[in-house]
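Residue indices begin at 1 and follow the sequence shown. Since the model is a prediction, treat every value here as computed from it, not as a measurement.
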Amino acid sequence: VVDLAVLLTFNRLRQLSADPAAVSKALLKSTVVQLSADGTKVRRTKPLPLTDDSKDRTVYMKGFGPDATLDEVLECVSAATPYTRVVMRRTPDRKFKGSVFVELPSKAAADALVAKSNEEPGILFKGAKLEKVLLRNDYYQLKKEERKGGEGPDAAATAAEAAALLDPLANFKKTMT
């Protein structure tokens with residue numbers, strides 16, 4: 001249970017309305033949350049699942065540019081796939097990095113989005129193909145390899161493995177030749 005006053009501190013909601021009565025009235029139509037009898041508290045209609053598989057359903061997408069707005073990113077993502085949540089990645093001083101994490105309804109949807117990005121024309125933002133679209137775990141593995149690599153005799157092998165992670169179909173292509 002969350003107090004409606006807490007929700008009104010969220011910038012995105014505040015842009016829509018700062019009036020508690022208007023927000024309360026709008027929430028009465030929701031199928032996701034329900035309002036308390038006095039209209040001051042909100043709770044989910046269905047509890048959160050006991051297990052969290054969101055890491056497997058999340059995709060990293062890069063290539064939006066530092067000046068992209070949340071609305072522009074949401075428009076791009078929604079044109080490509082239905083999504084559950086989009087998180088814009090930011091620097092410590094709150095500047096947009098040009099990349100996002102997109103949580104999708106299922107692992108299959110995440111795999112399909114990555115596959116779609118490898119097809120022509122790929123996933124476009126303002127007419128340009130996004131630079132990277134990777135499963136979240138593949139992105140973190142790539143970053144780990146980049147941080148670890150660059151020195152020593154295994155650097156070339158590490159770089160090759162990192163490049164293979166950028167192409168999710170690399171292993172499939174190897175088996176076909």
State plainly whether one hydrophobic cluster holds both Val87 and Leu48, where clusters connect Ile, Leu, Val, Met, Phe, Trp and Tyr through side-chain heavy atoms under 4.5 angstrom apart.
-> no
When rounded to the nearest 0.5 angstrom, what is the spacing between CG in Leu4 and OG1 in Thr9?
-> 10.5 Å
Mind checking side-chain contact (heavy atoms from CB on, under 4.5 Å) for Ala68 and listing every partner two or more places apart, or none if nothing turns up?
-> Phe64, Glu72, Val73, Phe96, Phe125
For Phe101, what residues pass the ring pair (Phe, Tyr, Trp, His ring centres under 6.0 Å) criterion, not counting sequence neighbours?
-> Tyr60, Tyr139, Tyr140
Can you find a pair of side-chain heavy atoms, one from Thr31 and one from Thr45, that are under 4.5 Å apart?
-> no
Report yes or no: does Ser117 contribute a side-chain atom to a donor-acceptor pair with the main-chain N or O of Ile123 at less than 3.5 Å?
-> no
Listed by chain and number, what are the salt bridge (charged side-chain N to carboxylate O under 4.0 Å, His left out) partners of Arg136, not counting sequence neighbours?
-> none
Enter the distance from Leu35:CG to Thr40:OG1 here, rounded to the nearest 0.5 Å.
-> 7.5 Å
When rounded to the nearest 0.5 angstrom, what distance separates OG1 in Thr58 from CG in Leu113?
-> 11.0 Å
Where do Pro20 and Ala18 come nearest, in terms of heavy atoms and distance?
-> CD-O, 3.3 Å
By salt bridge (charged side-chain N to carboxylate O under 4.0 Å, His left out), Glu119 pairs with (sequence neighbours left out) none
Sequence neighbours excluded - ring pair (Phe, Tyr, Trp, His ring centres under 6.0 Å) pairs with any residue from residues 4-38 | none
Tell me the salt bridge (charged side-chain N to carboxylate O under 4.0 Å, His left out) pairs involving residues 80-90, sequence neighbours left out?
-> Arg85-Glu103
Joint hydrophobic cluster, Val32 plus Leu13, side-chain heavy atoms closer than 4.5 Å | yes
Cluster question for you: counting only ILVMFWY and a side-chain heavy-atom cut-off of under 4.5 Å, with indirect links fine, are Val1 and Val6 together?
-> no
So, the side chain of Arg57 versus the backbone of Leu104: is there a donor-acceptor pair under 3.5 Å, distance only?
-> yes
Partners passing salt bridge (charged side-chain N to carboxylate O under 4.0 Å, His left out) against Arg12 (at least two apart in sequence or in another chain) = Asp71
Ignoring hydrogens and angles, state whether a donor on the side chain of Asp52 or Ser54 is under 3.5 Å from an acceptor on the partner side chain.
-> yes
Applying side-chain contact (heavy atoms from CB on, under 4.5 Å) to Ala112 and not counting sequence neighbours gives none
Nearest-0.5 Å distance, NZ of residue Lys143 to NZ of residue Lys148 = 14.5 Å
From Arg14 atom CZ to Leu7 atom CG, the distance as rounded to the nearest 0.5 Å | 12.0 Å
Do other residues, nucleotides or ligands put more than 12 heavy atoms under 6.0 Å from Gln34 CD?
-> yes
All pairs passing ring pair (Phe, Tyr, Trp, His ring centres under 6.0 Å) where residues 24-45 contributes a residue, at least two apart = none
Linking I/L/V/M/F/W/Y whenever their side-chain heavy atoms sit closer than 4.5 Å, directly or via other members, would Val133 and Leu124 fall into one cluster?
-> no
Using salt bridge (charged side-chain N to carboxylate O under 4.0 Å, His left out) as the criterion, list what pairs up with Lys129, not counting sequence neighbours.
-> Glu120
Scanning both residues in full, the closest heavy-atom pair of Gly39 with Ser24 reads O-OG, 3.6 Å
Output every pair passing salt bridge (charged side-chain N to carboxylate O under 4.0 Å, His left out) with a member in residues 27-51, not counting sequence neighbours, ordered by first then second residue.
-> Asp3-Lys41
What is the distance from atom CG of Leu135 to atom NZ of Lys107, rounded to the nearest 0.5 Å?
-> 4.5 Å
Could you give me the CA-CA distance, side-chain angles and deciding distance for Met88 and Leu70, then say whether side chain to side chain contact (heavy atoms under 4.5 Å, CB included) is met?
-> CA-CA 7 Å; Met88 297 176 76; Leu70 176 60; 3.7 Å; yes
Are Leu8 and Val33 linked, directly or through other ILVMFWY residues, by side chains that come within less than 4.5 angstrom of each other?
-> yes
Keeping to residues at least two apart or across chains, list the ring pair (Phe, Tyr, Trp, His ring centres under 6.0 Å) pairs with something in residues 65-87.
-> none
